[in-house]
Peer 1: 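The structure's right below; bear with me while I get my questions together.
Convention: sequence-line order gives letters A, B, ...; per-chain numbering from 1.
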Amino acid sequence: MFIVVSPGRLRAFADDGTPAGEVDEIDPSARLVWDDTRRWYPQLLAKGIRVERCVDLRLSHAILRHSSFTASSELARAALGPWDEQAVLDEPRERGTALFDLEAEEPRPEADPVDEWMLQREAVAASSDPGRLALLLAAESAGALIACEMKFAGLPVDAAIHERLLEQVLGPKPRPGERPAHLEALKQVLVERLGFDFNPDSAVELLKALRRAGLNVASTSKWEIREVDHPVIEPLLEYKKLSRLMTANGWNWLEAWVTDGRFRPEYVPGGVVTGRWAASGGGALQLPKQVRGAVVADPGWKLVVADAAQLEPRILTALSRDQRMAKAGEGDMYEGIVASGAVATRAQAKVAMLGAMYGATTGESGRLLPGLTKAFPQALALVERAARAGERGEIVTTHLGRSSPPPPDDLLAGANENAAAESRARSRARSWGRFTRNFVVQGSAAEWALCWMAGLRGRLYDLADGPFTARPHLVFFLHDEVIVHTPDHLAEQVAASIRDAAAAAGRLLFGELPVTFPVTTAIVDSYADAK
DNA sequence: ATGCATCGCGCG
DNA sequence: AAAGCGCGCGATGCAT
């Protein structure tokens with residue numbers, strides 16, 4: 001059964017979409033259909049209601065609007081409307097410029113979610129691959145539930161441990177506007193070794209200072225100055241490292257983002273064009289290894305940290321059905337690539353695979369590509385095709401049907417003018433090609449991860465009783481990695497569920513292909529101990 | 001005072 | 001100024 005949720009109304013529908021009247025309260029085992037999970041779910045969670053499944057019409061619309069699978073649908077061909085992000089963003093600008101005429105504005109009636117839902121069902125049913133699209137929309141919507149649940153539960157962070165760590169590395173908490181002791185001391189070393197005062201926090205001043213001291217550098221980035229031989233370099237790199245910790249995850253971060261022992265960032269499913277999640281608030285997806293020691297399980301609980309090993313190369317294997325690459329991926333994929341003879345070392349295998357998926361042309365990665373291409377022609381042909389399509393301004397699509405955004409209007413502009421314009425056009429086209437090359441792999445990997453997590457969510461819930469935060473539950477997700485917070489005694493079962501869900505995700509996406517998706521699991525008290 | 005672009009760096 | 005994809009954020013410096 002479906003229940004369509006809208007302000008003041010709960011409309012029930014049978015599985016085939018026929019109306020079944022209105023209901024008084026939400027049945028959490030029904031599939032809830034709503035405009036935006038972020039709008040409805042937090043208040044349900046606050047009331048202790050955990051929803052089993054949903055249809056997030058906003059996220060689904062974004063997929064269907066652009067998917068090449070539904071290009072001929074009514075939904076995709078309609079003018080931009082209230083379900084389109086762009087229309088919503090443009091809206092305030094179209095209306096008067098006065099800032100305070102909000103009262104004067106007619107509160108426009110909300111679009112009916114039932115109409116949109118029906119359009120979406122039609123679009124999926126008539127699409128070139130209803131099965132894949134339905135899976136994608138279900139996974140995307142499950143992700144929306146999980147994002148809200150993870151924010152509700154929060155990632156357990158021990159502020160005392162974090163503060164101790166900061167004090168060890170930076171010195172005692174400074175007064176506002178001052179550098180902590182260790183950073184200040186390092187600054188003095190820098191000044192001493194260059195022979196004059198300057199502010200190392202300013203990239204402009206720092207660059208001038210380095211050049212004044214006779215160092216031939218064009219920027220102050222780590223990569224470049226690392227190569228320079230001068231007594232200021234070592235303390236400067238150290239300064240940058242400490243400074244980064246201080247500004248990104250220092251005392252301010254702790255105060256702003258960690259309350260009651262929980263870090264609660266906003267996760268943004270579908271926030272990245274490829275379908276990856278984005279996050280806002282506290283840099284959730286950039287939590288540096290340096291501070292992971294402060295992420296600790298509650299007493300009597302454990303963290304189960306799991307990571308999908310070499311996910312993107314394996315996704316490429318499955319997408320391309322490259323039997324030789326599948327063989328190389330039976331164990332550690334990079335070792336397998338070495339064994340195939342494509343490259344000499346594991347490190348090279350890794351660099352070469354990254355280069356294949358990102359479109360490297362130069363450097364070590366570029367040099368290794370011919371060897372990789374020779375060993376795995378089928379897999380490499382897939383990414384090459386995606387790149388060429390992008391260069392021509394065409395759309396590419398992930399395994400389950402998420403399509404790349406249209407190329408910039410000027411992608412091919414200037415191709416037939418003078419030599420300089422032509423070269424710029426080629427460079428633009430190549431750059432877009434690298435994006436589309438990566439899009440199919442990164443986007444399909446994101447789909448696998450969503451299916452993994454959605455399957456895991458259900459398995460975790462079934463492991464215990466009570467409110468979902470009393471059961472094992474997801475507390476963190478980072479592209480190919482999850483953290484589950486679980487009562488001690490269930491940790492082994494959680495680890496097994498994580499592996500089961502990974503295998504199930506592989507079958508859901510790719511059927512019985514001989515491609516495996518191994519996950520490493522670690523049962524730990526502290527995130528820092530996971531690897 | 002406030003907004004925006006750039007740099008630099010963290011993560012996958 | 002990373003070669004080679006995708007992000008978010010803070011500090012700085014300039015424009016408004």
Side-chain angles (χ1 to χ4, degrees), chain A residues 177 179 198-208 216-228 236-237 239-250 252-253 256-257 265-292 307-313 315-316 350-369 372 383 386-387 390 396 398 402 404-405 427 430-446 448-449 476-482 527 531:
Chain A
R179 289 192 179 87
F198 71 103
N199 172 18
D201 295 328
S202 160
V204 176
E205 267 195 61
L206 177 56
L207 182 60
K208 276 190 203 149
N216 182 24
V217 289
S219 81
T220 66
S221 70
K222 226 165 50 170
W223 334 103
E224 184 166 358
I225 62 178
R226 201 166 39 194
E227 307 302 324
V228 179
L236 177 56
L237 290 172
Y239 183 93
K240 279 172 168 276
K241 194 171 153 192
L242 297 198
S243 170
R244 168 76 190 183
L245 173 64
M246 161 87 179
T247 54
N249 298 97
N252 292 343
W253 177 84
W257 298 110
E266 182 85 26
Y267 296 94
V268 187
V272 177
V273 276
T274 57
R276 273 187 174 182
W277 286 18
S280 69
L285 303 187
Q286 306 134 261
L287 198 67
K289 295 207 159 78
Q290 230 176 341
V291 309
R292 292 182 180 185
D307 177 291
Q310 301 121 19
L311 177 58
E312 292 194 353
I315 291 292
L316 173 56
K350 196 169 175 174
V351 168
M353 277 305 303
L354 284 177
M357 293 182 299
Y358 294 164
T361 52
T362 63
E364 188 188 13
S365 185
R367 282 195 297 279
L368 292 168
L369 278 183
L372 204 65
V383 283
V396 297
T398 61
R402 193 186 310 258
S404 60
S427 157
R430 288 241 174 80
S431 169
W432 192 256
R434 286 193 298 276
F435 165 62
T436 53
R437 167 198 294 265
N438 187 246
F439 183 94
V440 293
V441 180
Q442 186 184 119
S444 300
W448 180 91
F476 198 59
F477 170 54
L478 191 52
H479 309 314
D480 59 359
E481 184 179 336
V482 296
Y527 189 16
K531 54 183 172 185

Peer 1: OP1 or OP2 of B:dG12 less than 4.0 angstrom from a side-chain nitrogen or oxygen of A:Lys289, does that happen here?
Peer 2: yes

Peer 1: What about A:Arg276: does its side chain form a donor-acceptor pair under 3.5 Å with the base of C:dC7?
Peer 2: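 For A:Arg276, whose side chain was compared with the base of C:dC7, there is no donor-acceptor pair (under 3.5 Å).
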
Peer 1: Within the structure provided, determine whether A:Gln290 and A:Lys241 are in side-chain contact (heavy-atom separation under 4.5 Å).
Peer 2: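 They are in side-chain contact.
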
Peer 1: Is there a side-chain contact between A:Arg276 and A:Leu285, using heavy atoms and a 4.5 Å cut-off?
Peer 2: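 No, their side chains stay 4.5 Å or more apart.
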
Peer 1: Determine the Euclidean distance between corresponding P atoms of C:dA1 and B:dC7; express it in Å to zero decimal places.
Peer 2: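 Here B:dC7 and C:dA1 have their P atoms 5 Å from each other.
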
Peer 1: From the set B:dC9, C:dG4, B:dC11, return the single nucleotide nearest to any side-chain atom of A:Ser221.
Peer 2: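 In terms of side-chain proximity for A:Ser221, the closest of B:dC9, C:dG4, B:dC11 is B:dC9.
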
Peer 1: With the side chain of A:Phe435 defined as its heavy atoms from C-beta on, choose the nearest nucleotide among B:dG8, C:dC5, C:dG13.
Peer 2: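 Of the options given, the side chain of A:Phe435 lies nearest C:dC5.
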
Peer 1: Closer than 4.0 Å, any side-chain N/O of A:Thr220 to the OP1 or OP2 of B:dG8?
Peer 2: yes

Peer 1: Of the nucleotides B:dC11, C:dA11, C:dG4, which has the atom closest to the A:Ser365 side chain?
Peer 2: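 Looking only at heavy atoms from C-beta outward on A:Ser365, the closest nucleotide is C:dG4.
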
Peer 1: Rounding to an integer number of angstrom, what distance separates B:dC4 and C:dG4 when you compare their C1' atoms?
Peer 2: 28 Å

Peer 1: OP1 or OP2 of B:dG10 less than 4.0 angstrom from a side-chain nitrogen or oxygen of A:Lys241, does that happen here?
Peer 2: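 No.
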
Peer 1: What is the nucleic acid contact for A:Arg434, judged by heavy atoms within less than 4.0 Å: base, sugar-phosphate only, or nothing?
Peer 2: sugar-phosphate

Peer 1: Send over the distance from A:Asp480 CG to C:dG6 P, rounded to a whole Å.
Peer 2: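 Answer to the nearest Å: 17 Å.
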
Peer 1: Please find the pair of heavy atoms, one from A:Ala386 and one from A:Arg437, that lie closest to each other, and give the distance.
Peer 2: CB-CA, 3.8 Å

Peer 1: Does a distance-only test, which skips hydrogens and angles, find a donor-acceptor pair under 3.5 Å between the side chain of A:Gln442 and the base of C:dG6?
Peer 2: no

Peer 1: Counting side-chain heavy atoms from C-beta on, which of C:dT12, C:dC7, C:dC5 comes nearest to A:Val272?
Peer 2: C:dC7

Peer 1: Describe the nucleic acid contact of A:Leu287 in one word from base, sugar-phosphate, nothing, applying a heavy-atom distance below 4.0 Å.
Peer 2: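 The residue A:Leu287 makes sugar-phosphate contact but no base contact.
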
Peer 1: Under 4.0 angstrom, heavy atoms only, what part of the nucleic acid is A:Gly355 near: base, sugar-phosphate, or nothing?
Peer 2: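 No contact at all - A:Gly355 keeps every heavy atom at 4.0 Å or more from the nucleic acid.
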
Peer 1: Find out whether A:Leu369 and A:Thr361 are in side-chain contact, i.e. whether some heavy atom of one side chain is under 4.5 Å from a heavy atom of the other.
Peer 2: no

Peer 1: Quick one: A:His479 NE2 to C:dC7 C1', roughly how many Å, whole number?
Peer 2: 7 Å

Peer 1: Is A:Ala278 touching bases, backbone alone, or none of the nucleic acid, heavy atoms closer than 4.0 Å?
Peer 2: sugar-phosphate

Peer 1: Give the nucleotide from the list B:dC11, C:dC5, B:dG10 with an atom nearest to the side chain of A:Tyr358.
Peer 2: C:dC5

Peer 1: Assuming nearest nucleotide by heavy-atom distance, tell me which of A:Trp223 and A:Met357 is located more 5' along DNA chain C.
Peer 2: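 The residue closer to the strand's 5' end, by nearest nucleotide, is A:Trp223.
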
Peer 1: Taking the nucleotide of DNA chain C with the nearest heavy atom to each, does A:Trp257 or A:Arg226 sit closer to the 5' end?
Peer 2: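 So the residue in question is A:Arg226.
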
Peer 1: So what does A:Val204 touch, heavy atoms closer than 4.0 Å: a base, only the sugar-phosphate, or nothing?
Peer 2: sugar-phosphate

Peer 1: Side chain of A:Lys240 only, heavy atoms from C-beta on: which candidate in B:dC9, C:dT12, C:dA11 is closest?
Peer 2: B:dC9

Peer 1: Between A:Ser243 and A:Asp201, is any pair of side-chain heavy atoms under 4.5 Å apart?
Peer 2: yes

Peer 1: Quick one: label A:Ala284 by what it contacts on the DNA or RNA (base, sugar-phosphate, nothing), any heavy atom closer than 4.0 Å.
Peer 2: nothing

Peer 1: So which nucleotide from B:dG12, C:dG8, C:dA1 ends up closest to the side chain of A:Glu481?
Peer 2: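 Nearest nucleotide to the side chain: B:dG12.
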
Peer 1: Side-chain N or O of A:Ser202 versus OP1/OP2 of C:dG13: is the shortest distance under 4.0 Å?
Peer 2: yes

Peer 1: Reckon A:Val273 touches a base, only the sugar-phosphate, or nothing at all at heavy-atom distances under 4.0 Å?
Peer 2: sugar-phosphate

Peer 1: If you round to the nearest 0.5 Å, how far is OG of A:Ser221 from NZ of A:Lys240?
Peer 2: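 Between atom NZ of A:Lys240 and atom OG of A:Ser221 there are 7.0 Å.
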
Peer 1: Indicate, with a heavy-atom threshold strictly under 4.0 Å, whether A:Gly281 touches base, sugar-phosphate, or nothing.
Peer 2: sugar-phosphate

Peer 1: Of all the nucleotides listed (C:dG4, B:dC9, C:dG6), which has the minimum atom distance to the side chain of A:Thr362?
Peer 2: C:dG4

Peer 1: Check every strand shown and say whether A:Arg292 touches a base, only sugar-phosphate, or nothing at a heavy-atom separation below 4.0 Å.
Peer 2: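 Touches sugar-phosphate only.
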
